[in-house]
Number of protein chains: 2
Amino acid sequence: MLISTRGRYALRILIDMAEHHGSGYIKLKDIAERQEISEKYLESIVKELVKRHIVYGVRGKGGGYRLSVEPDQINVGEVLRFMEGGLAPVACLEEGSAPCPKAPYCRTLEFWRGLDEVIPRYTDSFTVADLMATPNAGNDYII
Amino acid sequence: MLISTRGRYALRILIDMAEHHGSGYIKLKDIAERQEISEKYLESIVKELVKRHIVYGVRGKGGGYRLSVEPDQINVGEVLRFMEGGLAPVACLEEGSAPCPKAPYCRTLEFWRGLDEVIPRYTDSFTVADLMATPNAGNDYII
DNA sequence: TTATAACCTATTATAACAGTATGTTTATCT
DNA sequence: AGATAAACATACTGTTATAATAGGTTATAA
């Protein structure tokens with residue numbers, strides 16, 4: 001599995017925040033209820049989004065989270081990459097991994113490199129705003 | 001990680017077999033030595049290739065394995081898919097998984113579907129013969 | 001000063017991955 | 001016929017990542 005729940009949930013959190021902006025700060029508890037994800041688990045995901053300055057949080061009563069960037073400025077590929085710690089399809093292309101000694105004569109390396117280009121080319125062509133506008137079969141979601 | 005060692009090694013085995021065809025049957029022991037992969041682990045991978053009729057094996061002394069199909073007829077995407085049990089980038093698109101109840105109003109589903117198309121479009125455009133012909137930086141591999 | 005909500009640290013259950021270990025069957029060679 | 005060599009089969013195991021939980025601390029508003 002290329003993308004785990006961390007990447008998937010991060011996108012859902014960002015879309016949820018974008019859809020509920022304007023009315024002050026958004027509580028994790030509310031996101032958790034709407035998205036049917038454990039609040040505690042969301043915390044660990046939002047923590048990363050805060051660290052990356054995509055979201056900012058205010059403590060205490062009346063506090064919560066807000067996007068610190070417009071949805072059309074949040075790149076989906078970038079979010080997935082830092083949530084997942086990279087999107088390399090194979091271990092030998094993970095950044096920080098030791099260079100493979102077989103690389104000079106490897107018959108598969110170029111194939112993997114190509115796949116490793118194709119994925120970000122796709123993911124990076126989306127912003128959170130694009131996801132919000134995604135057409136759905138039965139778009140009857142009550143906001 | 002989208003692709004585990006099983007998929008990676010399977011391709012290396014197939015390329016190795018293609019490069020050493022003609023001289024009778026190829027012993028797993030030899031492949032294991034050339035590829036520096038444990039023979040026992042290779043067994044479990046080749047087993048799948050035999051099951052899929054891409055490779056066939058002959059027991060006993062002088063036995064070994066051979067490709068049962070020409071390298072240009074072996075699709076890389078297909079090999080990866082059955083070795084990995086699918087290449088879906090997210091759990092909700094795995095075949096055999098329960099349909100997601102959120103699908104009708106999911107803002108990310110179409111995005112994932114798109115990624116799930118992009119990956120096979122790339123992988124399926126390669127055959128084992130293509131991999132063999134892949135240009136390398138320092139192609140000094142001794143066959 | 002109490003309620004609330006973000007923030008922080010540690011722990012845990014499960015499953016997949018990557019590989020081992022041991023043995024059985026089938027074929028060839030002497 | 002017997003030794004050897006290879007595929008084939010089944011079961012087990014250590015390690016790691018995932019997907020959370022649990023329990024607490026700090027900051028803010030009413």
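Residue numbers begin at 1 in each chain, while the letters A, B, ... track the order of the sequences. For clarity, every value in this text was computed on a predicted model and none was experimentally measured. For the numbers below, each heavy atom of this structure counts, side chains included, while hydrogens, waters and symmetry mates do not.
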Novice: Is the shortest side-chain N to carboxylate O distance from Glu78(A) to Arg81(A) below 4.0 Å?
Specialist: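 Salt bridge absent between Glu78(A) and Arg81(A).
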Novice: Leu28(A) has an atom CG; how far is it from atom P of dC8(C), in whole Å?
Specialist: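 Spelled out: CG on Leu28(A) to P on dC8(C) is 13 Å.
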Novice: Write down the distance between NZ (Lys29(B)) and C1' (dA6(D)), rounded to a whole number of angstrom.
Specialist: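 So the two atoms are 10 Å apart, to the nearest Å.
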Novice: What pair of heavy atoms forms the shortest contact from Lys102(A) to Gln35(B), and how long is it?
Specialist: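 Smallest heavy-atom distance, with atoms named: CE-O, 3.7 Å.
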Novice: Of Lys40(A) and Arg6(A), whose closest DNA chain D nucleotide lies nearer the 5' terminus?
Specialist: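 Result: Arg6(A).
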Novice: In whole angstrom, give the distance that lies between atom CD1 of Ile26(B) and atom P of dA7(D).
Specialist: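 So the two atoms are 10 Å apart, to the nearest Å.
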Novice: Just the rounded figure in Å: distance from P of dA9(D) to OH of Tyr41(B).
Specialist: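 From Tyr41(B) OH to dA9(D) P: 19 Å.
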Novice: Given atom CD1 of Ile13(B) and atom P of dA7(D), what is their separation to the nearest angstrom?
Specialist: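 Those two atoms, CD1 and P, are 11 Å apart.
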Novice: Does dA20(D) have OP1 or OP2 sitting under 4.0 Å from an N or O in the side chain of Ser38(A)?
Specialist: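 So the side chain of Ser38(A) is outside the cut-off, no N or O lying under 4.0 Å from OP1 or OP2 of dA20(D).
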Novice: If every non-hydrogen atom of Leu42(A) is compared with every non-hydrogen atom of Ile37(A), which pair is closest and at what distance?
Specialist: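 Result for this residue pair: CD2-CG2, 3.5 Å.
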Novice: A quick test of your reading: do over 12 heavy atoms of other residues, nucleotides or ligands sit less than 6.0 Å from CD of Glu43(B)?
Specialist: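 Atom CD in Glu43(B) is packed in, count exceeds 12.
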Novice: Rounded to whole Å, how long is the line connecting atom CG of Asp30(B) with atom P of dA7(D)?
Specialist: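 Between P of dA7(D) and CG of Asp30(B): 9 Å.
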Novice: Does Tyr25(B) place a side-chain N or O at less than 4.0 Å from the phosphate oxygens OP1/OP2 of dA7(D)?
Specialist: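 So the side-chain polar atoms of Tyr25(B) never come under 4.0 Å of the phosphate oxygens OP1 or OP2 of dA7(D).
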Novice: Rounded off to whole Å, could you give me the CD-to-P distance for the Glu48(A) and dA20(D) pair?
Specialist: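 About 17 Å, once rounded to whole Å.
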Novice: So does Ser4(A) get a side-chain nitrogen or oxygen closer than 4.0 Å to the phosphate oxygens (OP1/OP2) of dA19(D)?
Specialist: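 For Ser4(A), the contact criterion (side-chain N or O under 4.0 Å from OP1 or OP2 of dA19(D)) is met.
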Novice: Looking only at the side chain of Lys27(B) (C-beta and beyond, no hydrogens), which of the listed nucleotides dA5(C), dA6(D), dA20(D) gets closest?
Specialist: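 Of the options given, the side chain of Lys27(B) lies nearest dA6(D).
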Novice: Counting only non-hydrogen atoms, which of residues 54-65 of chain B are less than 4.0 Å from DNA chain C?
Specialist: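 Here the set is Arg59(B), Gly60(B), Lys61(B).
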Novice: Do you know the tightest heavy-atom contact between Gly77(A) and Leu87(A)?
Specialist: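 For Gly77(A) versus Leu87(A), the nearest heavy atoms are O-CD1, 4.4 Å.
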Novice: Figure out the CD/P separation between Glu39(A) and dC7(C), and round it to whole Å.
Specialist: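 That distance rounds to 12 Å.
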Novice: If every non-hydrogen atom of Leu2(B) is compared with every non-hydrogen atom of Ala88(B), which pair is closest and at what distance?
Specialist: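 The answer is CD1-O, 4.1 Å.
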Novice: Looking at Tyr105(A) and Pro101(A), what are the two nearest heavy atoms and their distance?
Specialist: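 In terms of heavy atoms, the two residues are closest at CE2-O, 4.2 Å.
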Novice: Determine which nucleotide pairs with dA30(D), using a 3.5 Å limit on both distances of a Watson-Crick or G-U wobble pair.
Specialist: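 dT1(C) - that is the nucleotide pairing with dA30(D), both distances being under 3.5 Å.
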